[in-house]
Structures are given as structure tokens and as C-alpha cells.
Amino acid sequence: MSSLQRKPFGTHGKVHEITPQSAGWRYVGFSLYRLRAGETAAEATGTREVILVMVEGKAAVTAAGQDWGILGERMNVFEKTPPHCLYVPNGQDWQAVATTDCTIALCSAPGQSGHAARRIGPDGITLTQRGTGPNTRWINNIAMEAEDYADSLLVTEVFTPAGNWSSYPSHRHDEDDFPRITYLEETYYHRLNPADGWAVQRVYTDDGTLDEVMAVKDGDVVLVPRGHHPCGAPHGFELYYLNVMAGPLRKWRFIPAPEVGHLF
């Protein structure tokens with residue numbers, strides 16, 4: 001299995017923990033909790049900012065000295081309803097007590113104390129079509145460049161219909177040369193419907209020094225340290241992924257792969 005593909009290390013509690021150190025890069029972190037009703041997860045943010053994404057289920061959340069009430073609405077991510085999320089700055093802590101079985105994603109990056117804690121969604125998040133034909137997918141933007149919610153983090157959800165492509169045409173964001181291109185590390189948290197399905201993700205550079213093709217399963221995380229990174233959902237399997245990006249500049253600028261430049 002590719003070193004870029006990370007399987008969950010359990011089925012309950014914290015099942016993913018990707019740090020910059022374990023990923024071999026500098027910015028992006030990603031963790032995932034799967035809790036049963038009544039169970040608690042809690043962490044301090046330290047030097048990092050965090051966006052909690054209620055992927056599924058509900059939890060009572062306190063963070064940064066405030067009670068944020070019950071976050072979460074959809075019980076299955078493929079309902080495609082807007083997610084309930086919470087931004088927590090660096091130097092704070094948070095706690096989530098599951099009120100139903102739930103899945104909570106923790107998206108993290110270096111924080112600079114530039115933003116206060118705040119709820120994100122469901123208000124203000126609208127499922128939006130991107131692409132056409134077999135390149136159609138549906139986006140829930142949580143905290144992209146247009147939303148001044150974070151110091152470093154860029155976070156979005158993508159739903160790719162069965163038989164379609166996503167993160168395509170192929171593109172890369174692996175150089176710090178704004179406005180031509182920005183350097184952004186990225187993680188993909190994948191879910192499949194039905195859950196026993198699979199999808200494909202390729203991560204490759206123009207010179208071929210990195211070229212990995214992965215069959216991703218429900219719950220896998222793929223790391224994108226550099227290069228292009230398209231995904232394909234086979235007929236019969238719907239694909240969801242949660243993207244986390246961060247780098248030295250909170251802007252998303254990319255360059256297409258040479259072979260698909262005519263598609264932009």
C-alpha cells in the first residue's frame with residue numbers, strides 16, 4: 001500500500017491522527033473521532049487552529065470558553081445537507097460529548113491568533129455544482145478563500161456521483177509563487193456509498209518522480225504532498241471526501257497538468 005494512503009487504525013474512538021510530523025510535511029493535520037452516544041472527545045489546540053466538522057451525528061460542544069450547544073444534523077454524510085462546523089483558534093481547548101453516535105473530523109494547521117472562535121454552517125453553506133457531464137460534482141464550501149474564517153485552513157466537502165471524476169481536470173498546488181501558484185498540502189478523507197465500495201485516486205508529478213494510484217476504501221485518508229491528484233468514482237459507488245489544505249499563504253492557486261490544459 002502506498003505511504004500516501006492511511007487506513008483507519010480502529011473502528012471506535014480516535015481512528016485517524018495525521019500530524020505534520022507523521023505526514024512528512026509542515027502544515028496540515030487531520031484527525032477523526034468515531035464516538036458512541038455519551039462518549040467524550042477533548043483536546044487542546046496548542047499552536048494550531050482547528051475546524052471541527054460534524055461529518056455525521058450530533059454532539060454537545062464547548063470550546064474557547066463558550067458553550068456552542070448541540071452541533072450536527074445529518075445522520076449520514078450522503079444526505080448532503082450542509083455540515084455543522086466550529087472554528088477553534090490556537091491556544092484554546094474544546095470538548096465534544098456525543099448525543100448520538102457521531103463522526104467528528106478535526107482539520108488543523110498553524111494558528112496565528114488572527115481569528116476568534118465561531119460556528120461555521122449550516123447557514124451560509126450551499127451545495128453547489130461544479131463541472132459538467134461526467135466531471136460533475138457537488139461542493140459544500142466550509143472555509144475556503146472567500147470565507148475569512150481562519151488563519152491558515154482551507155476546508156471543503158465534495159460529493160462525486162457514481163461514474164464521475166473529481167479533483168479533475170488534474171491540477172497541482174505545490175509551489176510558493178503567488179499569484180501564479182500557491183503551496184498547499186492537502187488531505188482527502190474518503191467515504192463511499194455503499195460503504196463496501198471503492199474509488200480511485202492518483203497522485204502524480206509532471207516528471208514522474210511521484211506516481212501513485214490508490215484504490216481507496218470507505219474511511220481512508222490520502223495525503224497529497226505535491227503533484228496532481230484526481231479521483232474517480234466507479235459506476236455504482238458514490239464518493240464523498242473532506243479536503244483540508246494549508247500552506248504559507250491562505251490562497252488556492254493551481255496549475256493544470258500539461259495533458260489536460262485544453263480542458264480548462
Please examine the side chains of [Y] and [X], heavy atoms only from C-beta on, and report whether any two atoms are closer than 4.5 Å.
{"X": "T136", "Y": "R130", "result": "no"}
{"X": "T11", "Y": "R34", "result": "no"}
{"X": "Y189", "Y": "T103", "result": "yes"}
{"X": "V221", "Y": "Q5", "result": "no"}
{"X": "L106", "Y": "L52", "result": "yes"}
{"X": "H12", "Y": "E39", "result": "yes"}
{"X": "E49", "Y": "P110", "result": "no"}

* To do: Describe, in one word, how the ring planes of F9 and H16 are oriented to each other, choosing from parallel (under 30°), tilted (30 to 60°) and perpendicular (over 60°).
  => perpendicular
Test your reading of the model: is there a side-chain donor-acceptor pair from [X] to the backbone of [Y], 3.5 Å cut-off?
{"X": "T128", "Y": "T126", "answer": "yes"}
{"X": "W25", "Y": "V28", "answer": "yes"}
{"X": "H84", "Y": "L71", "answer": "no"}

* Modelled atom types, side-chain donor and acceptor of S113 and N90, under 3.5 Å -> yes
* Asked: Going by atom types alone, do N141 and T156 pair a side-chain donor with an acceptor below 3.5 Å?
  -> yes
* To do: Let me know which of R48, K14, Q92 forms a side-chain hydrogen bond (donor to acceptor under 3.5 Å, both in side chains) with E43.
  => K14
Contacts under 3.5 angstrom, residues 239-253 side chains, donor-acceptor by atom type, not counting sequence neighbours:
residue : atom : partner : partner atom : Å
Y240    : OH   : E157    : OE2          : 2.8
Y241    : OH   : S166    : OG           : 2.5
Y241    : OH   : S167    : N            : 3.4
Y241    : OH   : S167    : OG           : 3.0
N243    : ND2  : E186    : OE2          : 3.1
N243    : ND2  : T187    : O            : 3.4
R250    : NE   : L153    : O            : 2.6
R250    : NH1  : E147    : O            : 3.0
R250    : NH2  : A143    : O            : 3.2
R250    : NH2  : M144    : O            : 3.2
R250    : NH2  : E147    : O            : 3.0
R250    : NH2  : L153    : O            : 3.1
R253    : NH1  : E145    : OE1          : 2.8
R253    : NH1  : E145    : OE2          : 3.4
R253    : NH2  : E145    : OE2          : 3.3

* In sequence, state the C-alpha distance, the side-chain angles, and the governing distance for E212 and R202, and then conclude on side-chain contact (heavy atoms from CB on, under 4.5 Å). => CA-CA 6 Å; E212 302 281 352; R202 184 185 181 199; over 6 Å; no
* is_close_aromatic(H229, H173), centroid dist under 6.0 Å -> yes
* Return the set of residues passing side chain to side chain contact (heavy atoms under 4.5 Å, CB included) with D123 (not counting sequence neighbours), or none when no residue passes. => none
* Derivation and outcome, side chain to side chain donor-acceptor pair (under 3.5 Å), residues H190 and D218 -> CA-CA 6 Å; H190 288 283; D218 187 68; over 6 Å; no
* Do E238 and R137 pass the salt bridge (charged side-chain N to carboxylate O under 4.0 Å, His left out) test, and can you show the C-alpha distance, the side-chain angles, and the key distance before you say yes or no? -> CA-CA 10 Å; E238 184 180 13; R137 61 273 197 206; over 6 Å; no
